[in-house]
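Notes to accompany the following structure.
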Amino acid sequence: MFALVDCNNFYASCERVFQPKLRGKPVVVLSNNDGCVIARSNEAKALGIDMGAPWHLNRDRFKKAGVIVRSSNYPLYGDMSARVMRTLSNFTPELEVYSIDEAFLNLAGFADPEAHSRVMRATVLQWTGIPVSVGIAPTKTLAKVANRLAKKTPESGGVLVLADEAAQTAALARIELTDVWGIANRIAVRLVEMGITTPLELRDADPRKIRAAFGVVLERTLYELRGISCLSLEEHSPDRKNIMASRSFGRPVESADEMQEAVATYMSRAAEKMRRQGLVTASITVFVNTNRFREQDAQYYATQTVRLPVATADTGKLIRAALHGLKCIWRPGFSYKKAGVMCLDLHRAENLQNSLFHQADDPGRVELMRLMDGLNQRFGRGAVHFAATGTKGSFAGGGGILR
DNA sequence: TCTGGGGTCCTAGGACCC
DNA sequence: TCTGGGGTCCTAGGACCC
């Protein structure tokens with residue numbers, strides 16, 4: 001049995017923990033630059049406020065309705081998330097932190113998963129102040145369905161189990177195609193064109209047809225809806241494959257100096273993230289965009305990928321590379337709205353020696369190779385392993401004999 | 001009439017998630 | 001004037017290899 005624990009209206013709930021006067025009131029949290037709505041309390045949802053609603057188009061309406069507005073505070077949400085996850089880990093041997101406000105739990109072996117989950121839910125509320133909902137089912141996709149219904153059904157007390165096929169069928173009859181995990185608008189439209197208009201019809205469709213039309217991902221969803229588990233719990237999150245740092249600007253940027261400053265800032269933020277995860281990058285991409293909402297303006301989007309001679313997380317080197325990339329794509333005369341950097345080709349820092357000495361004529365490389373050859377001749381091929389960190393164009397590192 | 005049969009790697013684009 | 005910021009996976013097609 002899987003349980004999906006999802007924090008209710010997470011960012012809005014975090015704001016409430018420290019400002020009790022917000023309880024019972026419509027609260028929304030805004031994105032960066034107060035651009036648009038990214039979280040709503042139940043009271044705000046009841047007023048018909050949409051996710052993603054642009055703030056500047058709704059300011060007056062919110063004011064009239066007495067909506068309380070907060071700018072987002074990500075350090076707070078990250079901290080609250082860690083507290084919730086720590087609390088959950090007391091209730092299961094296996095926990096997958098799926099997002100900032102969601103976790104999958106393995107509840108196999110618990111005699112009464114529902115009772116267990118009710119205690120867990122009460123404990124999270126008591127210890128952190130965050131209300132959560134719990135959906136329990138034999139597959140992750142059905143646990144998502146159960147969670148959604150737990151939120152929609154006040155009588156459930158925030159915990160809902162879909163153990164048998166009868167319960168699952170009744171549950172699937174209550175939701176739309178796009179409520180199913182993995183189905184968004186585009187796929188829903190194509191499914192409807194095929195005559196599949198509800199989650200139940202998808203569950204009971206021919207898996208081969210679904211695979212032929214949509215691929216293996218949706219085929220898995222179909223089986224998961226039947227209660228056949230295709231997605232397992234992933235306790236240890238694998239290394240990131242990309243790290244991005246980007247922002248929309250509050251006002252359009254037109255000067256190259258200002259843009260350089262922004263790109264340097266994003267690059268150093270990305271480098272910090274990378275070091276925290278023990279990673280280094282062998283290439284970075286810089287991108288700039290004009291404002292896509294201003295259709296009357298000339299549009300320009302550009303990216304430039306810069307390959308690094310040496311994989312690194314060194315902020316100074318990365319900023320120099322990013323600024324070089326920016327120079328290649330900078331076109332004066334445009335009003336830029338957004339920019340960012342992305343680190344690709346990530347490696348674990350401890351495996352750095354593989355990417356560090358790309359350049360055959362690097363004096364550090366030459367010296368290292370000579371050393372390694374000598375040692376490998378004495379101790380056998382592959383006997384010597386070097387861990388190195390690159391700084392200032394040369395190398396510093398240590399080696400060890402593996403066998 | 002006949003025109004190998006596999007592989008891998010890379011990139012771009014499309015779709016999804018929170 | 002003002003419309004978020006991150007991520008993942010899959011597929012198709014081309015280059016290239018033996």
Side-chain angles (χ1 to χ4, degrees), chain A residues 4-11 28-40 49-60 62 69 71-74 77-78 81 96-104 140-141 144 147-148 177-191 210-221 230-231 234 237-254 262 266 269-270 273-274 277 279 282-283 285 287 289-297 301 303 305 307 335 337-346:
Chain A
L4 174 66
V5 180
D6 189 317
C7 300
N8 301 345
N9 315 323
F10 184 53
Y11 296 170
V28 302
V29 176
L30 300 178
S31 67
N32 218 274
N33 290 324
D34 293 344
C36 62
V37 173
I38 55 170
R40 306 155 293 158
I49 297 173
D50 288 331
M51 190 72 166
W55 164 231
H56 74 273
L57 295 178
N58 288 282
R59 193 177 309 215
D60 296 341
F62 288 2
V69 177
S71 298
S72 43
N73 179 355
Y74 292 102
Y77 310 148
S81 172
E96 174 186 343
V97 177
Y98 176 68
S99 75
I100 193 165
D101 71 333
E102 280 175 77
F104 285 103
K140 282 180 156 183
T141 305
K144 278 268 196 186
N147 189 289
R148 167 174 289 272
L177 271 179
T178 51
D179 294 334
V180 175
W181 194 30
I183 302 180
N185 247 334
R186 315 238 170 162
I187 287 183
V189 166
R190 286 171 55 203
L191 281 169
I210 295 300
R211 182 175 190 137
F214 299 94
V216 67
V217 178
L218 200 67
E219 187 192 19
R220 275 189 207 127
T221 300
C230 303
L231 306 169
E234 286 170 32
S237 51
D239 288 341
R240 286 264 165 269
K241 299 185 171 177
N242 305 300
I243 291 173
M244 176 146 66
S246 74
R247 285 289 180 281
S248 295
F249 302 118
R251 55 180 173 74
V253 167
E254 287 172 17
Y266 303 149
R269 196 176 303 144
K273 273 196 212 175
M274 206 164 22
Q277 296 175 34
L279 302 175
S283 74
T285 293
F287 64 89
N289 293 344
T290 49
N291 188 348
R292 65 194 167 97
F293 292 102
R294 289 186 61 87
E295 285 167 19
Q296 67 273 34
D297 288 357
Y301 311 96
T303 68
T305 298
R307 299 203 187 269
S335 297
K337 181 59 187 171
K338 183 173 178 179
V341 296
M342 195 193 277
C343 305
L344 321 147
D345 204 358
L346 296 168

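Within every chain, numbering begins at 1; the chains are lettered A, B, ... in the order of the sequence lines, protein sequences first and strands thereafter. Quick caveat, the model's predicted, so the values are computed rather than measured.
Nucleotides of DNA chain C nearest to A:Asn32 and A:Met244 differ in position, and the one nearer the 5' end is that of A:Asn32. Nearest-nucleotide assignment on DNA chain C puts the 5′-proximal partner with A:Lys337, out of A:Met342 and A:Lys337.
As judged by a 4.0 angstrom heavy-atom cut-off over every strand, A:Ile187 is placed among residues touching the sugar-phosphate backbone only. Among the protein residues, A:Ile183 comes within range of the sugar-phosphate backbone only, with heavy atoms under 4.0 Å from sugar or phosphate atoms but none that close to a base. Nucleic acid contact class of A:Asp101 (heavy atoms, under 4.0 Å, all strands): sugar-phosphate only. Residue contacts for A:Ala245: at a heavy-atom cut-off of 4.0 Å it reaches the sugar-phosphate backbone alone, with no base atom in range. Within the 4.0 angstrom heavy-atom criterion, only backbone atoms of the sugar-phosphate kind lie near A:Ile243; the bases stay farther away. Using a 4.0 Å heavy-atom criterion, one finds that A:Tyr98 contacts the sugar-phosphate atoms exclusively. Contacts of A:Arg307 with the nucleic acid, taken as non-hydrogen atoms under 4.0 Å apart, involve only primed sugar atoms and P, OP1 or OP2. Residue contacts for A:Arg251: at a heavy-atom cut-off of 4.0 Å it reaches no nucleic acid atom on any strand shown. Residue A:Val97 is classed as having no contact, given no heavy-atom separation below 4.0 Å to the nucleic acid. Looking at heavy-atom distances under 4.0 Å, A:Gly250 makes contact with sugar-phosphate atoms alone, never a base. Using a 4.0 Å heavy-atom criterion, one finds that A:Arg220 contacts the sugar-phosphate atoms exclusively. A:Trp55 comes within 4.0 angstrom of no nucleic acid atom, judged by non-hydrogen atoms across all strands.
Once you apply a 4.0 Å limit to the heavy atoms of chain A, the touched nucleotides of DNA chain B run 5' to 3' over B:dT11 to B:dC18.
Looking at A:Lys241, its side chain never comes within 3.5 Å of a backbone N or O of A:Leu344 through a donor-acceptor pair. A:Asn33 places a side-chain N or O within donor-acceptor distance of the main-chain N or O of A:Ser248, the cut-off being under 3.5 Å.
Below 30°, between 30° and 60°, or above 60°: for A:Tyr98 and A:Phe104 the angle between ring planes is above 60°, a perpendicular geometry.
Taking each heavy atom of A:Leu346 and A:Asn242 in turn, the nearest pair found is CD1-N, 3.8 Å. Minimum interatomic distance between A:Ala339 and A:Tyr266 (heavy atoms only, all atoms of both residues): O-CE1, 3.4 Å. Closest approach of A:Tyr11 and A:Ala39 over heavy atoms only: CB-CB, 3.7 Å.
Taking atom P on both B:dT3 and C:dC18, the two are 25 Å apart, rounded to the nearest angstrom.
C:dC18: Watson-Crick or G-U partner is B:dG5, with both key distances under 3.5 Å.
The pair A:Lys144-A:Glu102 counts as a salt bridge, with a side-chain nitrogen and a carboxylate oxygen less than 4.0 angstrom apart.
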